[in-house]
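First up is the structure itself, then whatever we jot down about it.
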Number of protein chains: 2
Amino acid sequence: MLTRDRILQAATEVIKQEGVSSLTLDKVAARAGVSKGGFLYHFGSKDALIIGLLNQVMGVLDTELNVLADGIDARQGAFALAYLEYVQEPTKAATDTAVSILAAAAVDDDLLDSTRATFQRWQDRLRHDDGLDETEALLARVVGDGLWLIDLFGLAPPTADERRKVLDLVSNLITDHGAARDLADSAE
Amino acid sequence: MLTRDRILQAATEVIKQEGVSSLTLDKVAARAGVSKGGFLYHFGSKDALIIGLLNQVMGVLDTELNVLADGIDARQGAFALAYLEYVQEPTKAATDTAVSILAAAAVDDDLLDSTRATFQRWQDRLRHDDGLDETEALLARVVGDGLWLIDLFGLAPPTADERRKVLDLVSNLITDHGAARDLADSAE
DNA sequence: CAGACTTTACCGTCCGGACAGACGGGTATT
DNA sequence: AATACCCGTCTGTCCGGACGGTAAAGTCTG
C-alpha cells in the first residue's frame, strides 16, 4: 500500500477512535508507520492532509453515488433514490466523509470550500436533471443529509428499522408523485 | 451583565467569527473583558466552558421549542410542527447550539452526552406523545435536523424559498394524515 | 549519479492550567 | 463608629508540554 494512502487511512482511524482533537501530525505519522518527516514529504501541512482526506473520500462518495444511481431503474429520481439508499445504513465511505468534514470544520472552515462545491453539484443535479419536482428532490437530500449528520454527532440516531421506514416513506412519496405525473402526462 | 454570561457569549462569538480552532482560553477571556484567571474562576477548564455553553444553549432551545409547540393549534403533531417551524430560518439560538455542538465534538466527543440525552427526549416525545405516526414524527425530526446541520457546515444550504417549500411539504404530510386518521376514527 | 523517498534532530510558538495574591463589599466584634 | 476579618471575585504571571513545521543528512532504486 502506498505510503500516502496509509497516511490517509491512519488519519481517519485516528479521528474515529480518538477524536478530532487527537488528529496531530505525530499521531497520524506514528499510526501510518512513518516518521514525521516522512509524513510531511507527502502532505506539506496539516491543512494539506485534510484537503487530501476530503478529496479522496468525496471522490469515493461521488462515484459510488453515481454507480448506485445508474443501477436504479426509475424514470425519475434515480439520483434521489440513490442518495436515500446510500444512507440506509452508515457505510464506511459515508462515515469517513463525515469525520473528515468534522475535522475540516474544526481546523479551518475554508477547507470545506471544495466539499461545498460538490454538494452544490449534487444539489443542482437533483434539482434540474433528475426529473423530480424540485421540492421533493430537496426533501430527499435533506433527509439523506439529516440522517447522515445525526449519525455523525450521535444525536439520538434512529434504529435501523426506523431509518428504513422513513426512507421508504420519502422514496414512495417521490416515486408515487412521479408515477402520478406520468399518468397525467400520458393522458394529455 | 454577569461575567459568567459575558464569557459564554464571548465564546460563541469567537467560534462563529474565528472558528473552532480559535476557541482558546486567552481569546475568550480577552473578548469577555476578563483576565485568564478571572475566566478560570468561572469555568475551571476548557471542558467546563463547553459544558456550560451546551447547557445554556440547549436550555434555551428546549424552552423555545416548548413555547412554540404550546402556541400551535393542532390536535396532533404540535411538537413536530414546532420543530419544523423552528428551522424555517436559522435563529440565533439554533446557530449558537450548532456551533456549540461543533466545538464539543472537536474538543471531546464525550462532552455531548447530555446533549444527546436531550435529543433523545425530544425524539421520545415526538414518537409517543405527539399523536403522530411514528415514522412521520421521525421524518419531521430528520428534516429539521438535516436543514439545521446543513446550515452548520454550509453544505449547499437551500434558499429561504426552497426551505419553506420543503417544510410546508412535510408539515402538510403530517397534518393531512392526521386529519385522515381523525375521519377514520370518527367513522367507527 | 540522480531523484524519489525517508529519517533524525531540532526550533519557536501557543496553549491549558496553576498559583499567589489584590481588591472590595459585607459582617461581626469591640 | 472604628477595627479586624472573611470571602467571592478577579488579576497578572509563570510553567511544562505538545504541536506544527524546518532543515539537513541518509537510503534505496533505476
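The analysis underlying the following values was restricted to heavy atoms, covering all of them including side chains, and did not include hydrogens, waters or symmetry mates. Each chain gets a letter, A, B and so on, in the order its sequence line appears, and its residues count up from 1.
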How many Å lie between CG on A:Asp47 and P on D:dG20, as a whole number? 11 Å
Quick one: does any side-chain atom of B:Asn172 pair with a main-chain N or O of B:Asp168 as donor and acceptor, under 3.5 Å? yes
How sharply is the helix from C:dC1-D:dG30 to C:dT30-D:dA1 bent, taking the axes over five pairs at either end and rounding to 10 degrees? 10°
Does some side-chain heavy atom of B:Arg141 sit less than 4.5 Å from a side-chain heavy atom of A:Ile150? yes
Do B:Asp145 and B:Tyr83 come within less than 4.5 Å of each other through their side chains, counting heavy atoms only? yes
Protein-nucleotide distance (A:Lys36, atom NZ; D:dA18, atom P), rounded to Å: 12 Å
For atom OH of B:Tyr41 and atom P of D:dG12, their distance in whole Å: 18 Å
Distance check needed: D:dA24 P versus A:Leu40 CG, whole Å only. 16 Å
Chain A vs DNA chain C, heavy-atom contacts under 4.0 Å, first-to-last nucleotide span, 5' to 3', is C:dA4 to C:dT8
Do B:Thr175 and B:Leu81 make a side-chain contact, defined as non-hydrogen atoms from C-beta onward lying under 4.5 Å apart? yes
Atom-to-atom span, CG of A:Leu23 to P of D:dG21 - whole angstrom: 12 Å
Would B:Gln120 and B:Asp124 count as a side-chain hydrogen bond (donor to acceptor under 3.5 Å, both in side chains) here? Give the steps. CA-CA 6 Å; B:Gln120 190 63 58; B:Asp124 291 342; 3.3 Å; yes
Integer-rounded Å distance: D:dG20 C1' and A:Leu25 CG: 5 Å
Report yes if a side-chain nitrogen or oxygen of B:Thr3 is closer than 4.0 Å to either non-bridging phosphate oxygen (OP1 or OP2) of D:dC10; otherwise report no. yes
Is any side-chain N or O of B:His42 closer than 4.0 Å to OP1 or OP2 of D:dG8? no
Examine distances only and state if a side-chain atom of A:Arg116 and a backbone atom of B:Phe153 form a donor-acceptor pair shorter than 3.5 Å. yes
Atom CG of B:Asp161: over 12 foreign heavy atoms under 6.0 Å: yes
Side-chain contact, heavy-atom cut-off 4.5 Å: A:Val57 with A:Thr12? no
Just the rounded figure in Å: distance from P of D:dC19 to NZ of A:Lys46. 8 Å
Within the 4.0 Å heavy-atom criterion, would you say B:Thr24 contacts the bases, only the backbone, or no part of the nucleic acid? sugar-phosphate
Would you say A:Leu84 and A:Ile174 make side-chain contact, with heavy atoms under 4.5 Å? yes
